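One is the number of the first residue; the rest follow in order along the sequence. Because the structure is a prediction, the values reported are computed rather than measured.
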Amino acid sequence: MKNKLRILAMTVLTLALVGMIAGFWLFVAHQAEIEKEREESLAIDAMYVEIGSHGEYMFVNVDTETAFQAELPKGQVFKGDGETLAPENISTGDVFRIYGDGAMTMSIPAQYPGVTRMVRIKYGSPEDAEQYSQLLEQFQTDPIFTEEEGIIPPQ
């Protein structure tokens, strides 16, 4: 009788442990789903636009048509298929889904320091970016010198 009671207690404890582990994994899966939904809700679709001859670039939110600066997160820029995308393979007009913490600075131009990853969702061309030329004109910097002309005087 004692042996049967011991076996029954071990079975109940084992089942309770299995139930707790399953509950834990269900909870973790649910939390991951909530985090993914949150991440998607904070994602911004923005066009990459080069604005200078020295590698300067900005992004333009395609929904609100507002310009902002964001660094390309090292090793976290991807093609649509999940492959890593090298910065030299990005061109003006490409549209990215930008993931991050959603905190944009209230500066001019705005800055998005909390970018965690970017996924290119559309190939683009410089012609696609022409629609934002007036918006981005204010952020273009003129070089203070050129090799041919020397220093350019302030205007």
Side-chain angles (χ1 to χ4, degrees), residues 16-155:
L17 181 61
V18 167
M20 287 176 23
I21 291 171
F24 172 76
W25 283 112
L26 287 174
F27 175 77
V28 167
H30 180 69
Q31 289 300 97
E33 187 176 309
I34 289 172
E35 182 59 30
K36 186 171 182 163
E37 287 174 8
R38 181 185 159 284
E39 184 181 53
E40 283 296 328
S41 72
L42 294 174
I44 298 171
D45 290 348
M47 183 179 288
Y48 173 90
V49 183
E50 293 174 358
I51 61 169
S53 57
H54 300 293
E56 297 97 6
Y57 61 89
M58 292 189 76
F59 289 93
V60 178
N61 184 321
V62 296
D63 295 325
T64 62
E65 295 190 357
T66 53
F68 64 94
Q69 293 177 321
E71 287 194 29
L72 300 171
K74 198 171 203 165
Q76 293 297 310
V77 181
F78 302 100
K79 298 177 185 176
D81 62 5
E83 241 183 272
T84 304
L85 182 63
E88 57 269 9
N89 295 330
I90 298 172
S91 61
T92 293
D94 289 350
V95 178
F96 288 86
R97 178 150 299 140
I98 300 174
Y99 296 93
D101 60 11
M104 191 81 66
T105 64
M106 298 293 284
S107 59
I108 298 177
Q111 297 175 16
Y112 193 179
V115 173
T116 55
R117 88 185 145 101
M118 295 181 180
V119 178
R120 181 169 57 195
I121 57 174
K122 180 184 170 207
Y123 287 99
S125 67
E127 291 78 30
D128 297 332
E130 284 178 9
Q131 61 185 324
Y132 303 120
S133 61
Q134 283 186 325
L135 172 68
L136 295 172
E137 230 172 51
Q138 62 185 321
F139 303 114
Q140 289 182 343
T141 56
D142 295 325
I144 59 167
F145 69 91
T146 63
E147 286 184 33
E148 298 85 30
E149 300 175 7
I151 295 179
I152 299 172
Q155 298 182 16

So which atom in [X] and which in [Y] form the shortest heavy-atom distance, rounded to 0.1 Å?
X      : Y      : result
Ile98  : Ala46  : CD1-CB, 3.8 Å
Ala103 : Pro113 : O-CD, 3.6 Å
Ser91  : Gly124 : OG-O, 4.1 Å
Tyr123 : Asp128 : O-OD2, 4.4 Å

* Polar side-chain atom of Tyr99 near backbone of Val115 as donor-acceptor pair, under 3.5 Å ->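 Looks like no, no N/O pair under 3.5 Å.
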Taking side chain as C-beta onward, heavy atoms only, is [X] less than 4.5 Å from [Y]?
X     : Y      : result
Val62 : Tyr132 : yes
Val49 : Met58  : no
Tyr57 : Ile90  : no

* Would you please name every residue forming a side-chain hydrogen bond (donor to acceptor under 3.5 Å, both in side chains) with Thr105, sequence neighbours left out? =>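 Scan of Thr105 (side-chain hydrogen bond (donor to acceptor under 3.5 Å, both in side chains), adjacent residues dropped) gives Ser107.
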Between [atom1] on residue [X] and [atom2] on residue [Y], distance to nearest 0.5 Å:
X      : Y     : atom1 : atom2 : answer
Met118 : Arg97 : CE    : CZ    : 13.5 Å
Met104 : Ile44 : CE    : CD1   : 4.0 Å
Lys36  : Glu33 : NZ    : CD    : 9.5 Å
Asp45  : Phe59 : CG    : CZ    : 12.0 Å
Phe27  : Met20 : CZ    : CE    : 14.0 Å

* To do: Check whether more than 12 heavy atoms from other residues, nucleotides or ligands sit under 6.0 Å from atom CD1 of Ile108, and answer yes or no.
  => no
What pairs of donor and acceptor atoms, side-chain ones from residues 67-89 against any protein atom, are under 3.5 angstrom apart with sequence neighbours left out?
| from | atom 1 | to | atom 2 | distance (Å) |
| --- | --- | --- | --- | --- |
| Asp81 | OD1 | Glu83 | N | 3.0 |

